[in-house]
Amino acid sequence: MPNAVDRLAARIGEALGTEVRLERPKDPSHGDFATNVAMRSAKAVERSPRELAQQFAQEIAGLEEVTSAEVAGPGFINIRVADAFFLAALAEMGPEYGGGWADPVERVQVEMVSANPTGPIVVSAARNGAYGDCVARLLEFGGHEVAREYYYNDAGAQMDRFRESIAALRRGEPVPGDGYRGAYVEELAKADDDPVPKMLSSIEHTMERFRIHFDSWVLQSKLEQRLDEFLPKLDTYEQDGALWARSSAYGDEQDWVLIRSGEKGGAPTYRAADVVYLVDKLERGFDRAIYVLGADHHATARWYAAIARMLGLDPGRVEVLLYQFVHLTRGGESTKASKRAGNVVFLDDVMDEIGVDATRWYLVNRGPDQTIEIDLDLAAEKSQKNPVYYVQYAHARIAAILRNAESAETGGPPPGPLATEEKELIKRLTDFPVTVREAADRRGPQLLPSYAIRLADDFHRFYHECRVLGDPAQSFRLGLCRATQQVIARSLDLVGVEAPERM
RNA sequence: GCGCCCGUAGCUCAGUGGAAGAGCGGCGGCCUUCUAAGCCGCGGGUCGGAGGUUCGAAUCCUCCCGGGCGCACCA
């Protein structure tokens, strides 16, 4: 359903006889909207951009909802619109504003985190979850059917090492050199039972606290049981006693071992399970399988595509999202994260220190291609000044106004011309559908925190300049507050941050 | 050596063809009125470098420099 901005662009395009895209100038003195249509069209009609812009501007200025259209710079047309435009735009911001664009609706699986249950979730895995869950939330908001899955290796060499480390402690022996250490290992060694289920349940608890709810948990050992069914369907060969997948013939950079040779001869590698898992995902009816992987697994993307081709499946249904690492610092000192060495910072510790909201915010704040550096001391110490609280504060302020307004009428017309701050705020709200859509399409959730900050910024300015309660514009401004509150709440929810009523 | 990612203000980073930004840090103003976790102002830049494409490049292409990660049976 086109919104007010789309309709305005369409009307201008109709008047000019060409497609027009409206932009929001960064500098408000450049007008409410701007278009580069003259610069785009100038070459085709062999006219100078500025001259063409002059002609276009005159035609645009003649439109009903436009109050002025001026040429600027190399041929931009800066447009100002009438109050009626803002009122119409505000009026159509319902509860699902910005969402529901999915067409066709896809069944999507987002597989994320999937850390081996050899220890608590560390910060890099948390970024995986924060990123994947945010993409999942965006797709859900768009209208897609999304399932979140956690895949874990319960049978590989790392798990053997983990179990052996605990077994050694139970025998009163030191942990082997390549084993796992740390307080949690010693804690698990105190009991007699299998440490893996305990670790898994602890991970699930951490994830729920982190506001990620998994719909399903898949075991590597279960998938391996179906290996015999799929190995014959693959393009393989034997070499040095091992069974190899000829993935290099299907777009991968190299071939990979599926079944080991030597001492562990006959044992499958994790890549063998990958094959079963890929088919399993698509068999379950997902139109799209999204894998969220750390940058150290970037080569895996080609592997997945290669096995899809090898099996005659559409590689376009498989999507790999990569993210860079997280560096934690304490007072400027970097902390090296190694689970086995036991000197890591766990997600639970970070949430204890800076809170769940700030943790989620920081982990999707930056683009996935960007390494993140978080100084925990700074994050804890300056928590009052974190952008996340700045945004939440705007929400809480609005909640306070609405509380104080009690059951007063909202959404009435303004008694006079709109204030600059009211227009700026409404324009920012019209950016929301575009931002959400772009964040979803680009798998770039970092656009949301940036947007939320700008929105909060516009609201705080509005709040400072425009009295709501007791003002003749009360009814209208209450409606504006309500719409703003809703969009802030939605922006925060999409990144997994709460929108408090009071602070 | 090959592949992927990054290089924008003192620091951490937004900005994926259109008019260079935010937060933190520094300096200075604003609370008898809906939450001052707020608002306003000041200072701060060869967008790593060199070419190219384009009316227009932080953005796209090539090369170079610097940093991170990966490169055959651990995941």
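Just so it is clear: chains get the letters A, B, ... in the order the sequence lines come, proteins before strands, and each one is counted from 1. Values reported hereafter were calculated over all heavy atoms of this structure, with side chains retained and with hydrogens, waters and symmetry mates removed. Here the structure is a predicted model, which is why all the values come from computation and not from measurement.
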If we call it a pair only when both distances are under 3.5 Å in a Watson-Crick or G-U wobble match, what pairs with [N]?
N      : value
C31(B) : none
G26(B) : C42(B)
C60(B) : G52(B)
C47(B) : none
G3(B)  : C69(B)

With a 4.0 Å cut-off on N to O distance, would you call [X] and [Y] a salt bridge?
X       : Y       : result
D457(A) : R461(A) : yes
E70(A)  : R80(A)  : no
R161(A) : E164(A) : no

So [X], base contact, sugar-phosphate only, or nothing? Heavy-atom distance under 4.0 Å.
X       : result
S450(A) : sugar-phosphate
R461(A) : sugar-phosphate
L447(A) : sugar-phosphate
C481(A) : nothing
A295(A) : sugar-phosphate
G241(A) : nothing
R454(A) : nothing
E501(A) : base

Nearest-angstrom distance, [atom1] atom, [N] to [M]:
N      : M      : atom1 : value
C5(B)  : U16(B) : C1'   : 15 Å
G43(B) : G49(B) : P     : 25 Å
C60(B) : U8(B)  : P     : 15 Å
C73(B) : U59(B) : C1'   : 42 Å
G67(B) : G48(B) : C1'   : 11 Å
A9(B)  : A58(B) : C1'   : 14 Å
A22(B) : C69(B) : P     : 33 Å
A19(B) : G26(B) : P     : 32 Å

Please confirm whether the shortest side-chain N or O distance from [X] to OP1 or OP2 of [N] is below 4.0 Å.
X       : N      : value
R397(A) : C39(B) : no
R47(A)  : C55(B) : no
R403(A) : C34(B) : no
Y389(A) : U35(B) : no

Any donor-acceptor pair, under 3.5 Å, between the side chain of [X] and the base of [N], if you only look at N and O atoms?
X       : N      : value
H297(A) : G70(B) : no
T371(A) : C6(B)  : no
N36(A)  : A19(B) : no
Q324(A) : C6(B)  : no

Among the nucleotides [options], which one has an atom lying closest to any side-chain atom of [X]?
X       : options                : result
Q370(A) : G7(B), A72(B), C39(B)  : G7(B)
E373(A) : U12(B), G15(B), A19(B) : U12(B)
H464(A) : G38(B), U33(B), A75(B) : G38(B)
Q446(A) : A75(B), G15(B), G38(B) : G15(B)
E253(A) : C34(B), U35(B), G3(B)  : G3(B)
P74(A)  : A75(B), C73(B), G18(B) : G18(B)
Y463(A) : A72(B), C39(B), A36(B) : A36(B)
H298(A) : C39(B), A75(B), C4(B)  : C4(B)
M39(A)  : G3(B), G18(B), A75(B)  : G18(B)
Y393(A) : G38(B), C73(B), C34(B) : G38(B)

Salt bridge (charged side-chain N to carboxylate O under 4.0 Å, His left out) evaluation trace for K281(A) with E149(A): CA-CA 10 Å; K281(A) 288 179 185 214; E149(A) 185 157 278; 5.4 Å; no
Length of the [atom1]-[atom2] vector between [X] and [N], whole Å:
X       : N      : atom1 : atom2 : answer
Y323(A) : C69(B) : OH    : C1'   : 12 Å
R271(A) : G70(B) : CZ    : C1'   : 11 Å
D274(A) : C74(B) : CG    : P     : 14 Å
E224(A) : C74(B) : CD    : C1'   : 13 Å
W244(A) : A72(B) : CH2   : C1'   : 4 Å
I372(A) : G7(B)  : CD1   : P     : 14 Å
D458(A) : G38(B) : CG    : P     : 15 Å

Ring centroids of F76(A) and A19(B) base under 5.5 Å with planes under 30°: yes
Under 5.5 Å and under 30°: H30(A) stacked on A19(B):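 Yes, H30(A) stacks on the base of A19(B), since the ring centres sit under 5.5 Å apart and the planes are within 30°.
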Donor-acceptor pair between Q324(A) and R366(A) side chains, under 3.5 angstrom: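 No, no side-chain donor-acceptor contact under 3.5 Å.
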Any donor-acceptor N or O pair under 3.5 Å, side chains S221(A), D154(A): yes
Syn/anti state for C31(B) [syn: chi within 90° of 0]: syn
Neighbour count above 12 (heavy atom, 6.0 Å) for E23(A) CD: yes
Over 12 non-hydrogen atoms of neighbours within 6.0 angstrom of CZ in R482(A):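 Not buried by this count: 12 neighbours or fewer within 6.0 Å.
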First encountered from the 5' end of RNA chain B, between P25(A) and Y237(A): P25(A)
Pairwise 5' ranking along RNA chain B for A399(A) and R302(A), keeping only the more 5' one: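 First, find each residue's nearest nucleotide; the 5'-ward one identifies R302(A).
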Audit row: F459(A), F462(A), ring-ring contact (aromatic ring centres under 6.0 Å, His included) steps and yes/no: CA-CA 5 Å; F459(A) 175 76; F462(A) 160 81; 5.8 Å; yes
Quiz item: cation-pi between R490(A) and F432(A), 6.0 Å / 45°: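 No - R490(A) does not lie over the ring of F432(A) by the 6.0 Å and 45° rule.
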